[in-house]
Asker: 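Supplied in structure tokens, the structure appears directly below.
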Amino acid sequence: MNLRIPGPTPLPPDVLAAVGQQMINHRGPEFEALFGETSRWLKVFYETDNDIYILTSSGTGGMEAAIVNTLSPGDKVLAVTIGVFGDRFAEIAEAYGTAVTRLSFPLGQAAEPSVVAAKLAEEGPFAAVLLTQNETSSGVTNDIQALAAVIRASAQPAPLILVDGISGMGAIRLQTDAWGCDAVVSGSQKAWMAPPGLAMVSFSPRAWEAYAKARLPRYYFDMGEARKYAKKNQTPATPNISALYGLHHSLKNMVAEGREAIVARHTHIGEYCRKGMLGLGLTLFADPAHYSNTVTAANLPAGFSASKVLEELRVKYDIICGASKAPGLEVIRIGHMGYVSDADIDQVCSALKVILGR
Ligand SMILES: *Cc1c(COP(=O)(O)O)cnc(C)c1O
């Protein structure tokens, strides 16, 4: 099967084997070594000296953790959204009773820093700004560096910068410390090439200051508890040991390959996939200035239904691509993060060539 959805992603064979290891005591020395190394290796890709907490949940739980540990009821939050996952971040903040202002950009576009700056000047100060590094629903990567710069310059003290990096981290650079991101969330099943079930969240000193005052309810995702246990390389509750085996093994490989090499590999595969789609005469959904190197959204030609094309890819070719998340859009999405080769993309292109009669 050629699993080309933007997560979960296929596991390399050695990672798959690591996932199959026997269970161990999560309060014992083997676990502590596993957890400690995994935490340390994550920092290489997060480009941070901050602590990174490994939570047992999908990525959405990590987004919730970033909110409940830093904010209080009624706090003003600016949710900058460019698609489905930006909307989800806003919904979590709303569900917990913060005062959310949404700044939405059209699907397919990136957030424009000058528009964000104007909103901050008009309606600020905000306690926090929510950003998406890579909007998986539209195949767009935001310029987090530029967005973080205008947010930090907008007020004194600056709003907290909480970033959903779930479909970018480990493939697209994000300089957590240099850019001043206070919490950055990622998920094991995306570019990390590990099974679903772990969310990783970095937490800056400013985020910890906010934690001390934050009054939203929290229990399972209490970062103070996570910090207490992480000092002993443990977690407050039973962690997803199998996923951690996979993440640990994958990160070991990734550290050996090197951050720059991995980013370059994704730059290549992103370009390769876009070239393939354009070669079929398709147009791309995203703004060309902000193409994502982890997921490509392609518009189907008039007369083709995305659901039928996806069905044919699956049934006849054993290729699984993603649907558009927006109703009425005849768009297919091709994931190319983590364990993916040119040949995987070639297969998608050859199949589409036949299905679309190109
Ligand atoms: C996949 C994804 C999520 C949701 O992650 P889950 O692990 O399904 O909870 C959130 N944001 C982005 C950008 C994603 O790609």
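Atoms within each ligand, like the ligands themselves, are counted from 1 in listed order.
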Asker: Starting from L356, walk the hydrophobic network (Ile, Leu, Val, Met, Phe, Trp, Tyr; side-chain heavy atoms closer than 4.5 Å) and list everyone else you reach, by chain and number.
Answerer: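 Cluster partners of L356: I269, Y272, M277, L278, L280, L282, L284, Y291, L300, F304, V309, L310, L313, Y317, I319, I332, I334, V340, I345, V348, L352, V354, I355.
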
Asker: I'd like the residue list for ligand 1, meaning every protein residue with a non-hydrogen atom under 4.0 Å from the ligand.
Answerer: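 Its neighbours under 4.0 Å (heavy atoms only) are S58, G59, T60, M63, F85, R88, N134, T136, D164, I166, S167, Q189, K190, given by chain and number.
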
Asker: If the condition is ring pair (Phe, Tyr, Trp, His ring centres under 6.0 Å), which residues does F45 pass it with, not counting sequence neighbours?
Answerer: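 Partners of F45 by the ring pair (Phe, Tyr, Trp, His ring centres under 6.0 Å) criterion, ordered by chain and then number, come out as W192.
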
Asker: Taking a hydrophobic cluster as the set of Ile, Leu, Val, Met, Phe, Trp and Tyr residues connected by side-chain heavy atoms closer than 4.5 Å, whether directly or through intermediates, do L198 and M23 fall within one such cluster?
Answerer: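 Same hydrophobic cluster.
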
Asker: Would R218 and Y96 count as a cation-pi pair here, with the cationic atom under 6.0 angstrom from the ring centre and within 45° of the axis?
Answerer: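 No; the conditions do not both hold, so R218 does not lie above the ring face of Y96.
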
Asker: Taking only residues two or more places apart in sequence or in another chain, which ones pass side-chain contact (heavy atoms from CB on, under 4.5 Å) with D177?
Answerer: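 Once residues adjacent in sequence are excluded, the partners of D177 under the side-chain contact (heavy atoms from CB on, under 4.5 Å) criterion are T48, D49, N50.
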
Asker: Do H249 and D14 get their side chains close enough for a donor-acceptor pair, meaning under 3.5 Å?
Answerer: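 Judged by distance alone, the side chains do pair up.
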
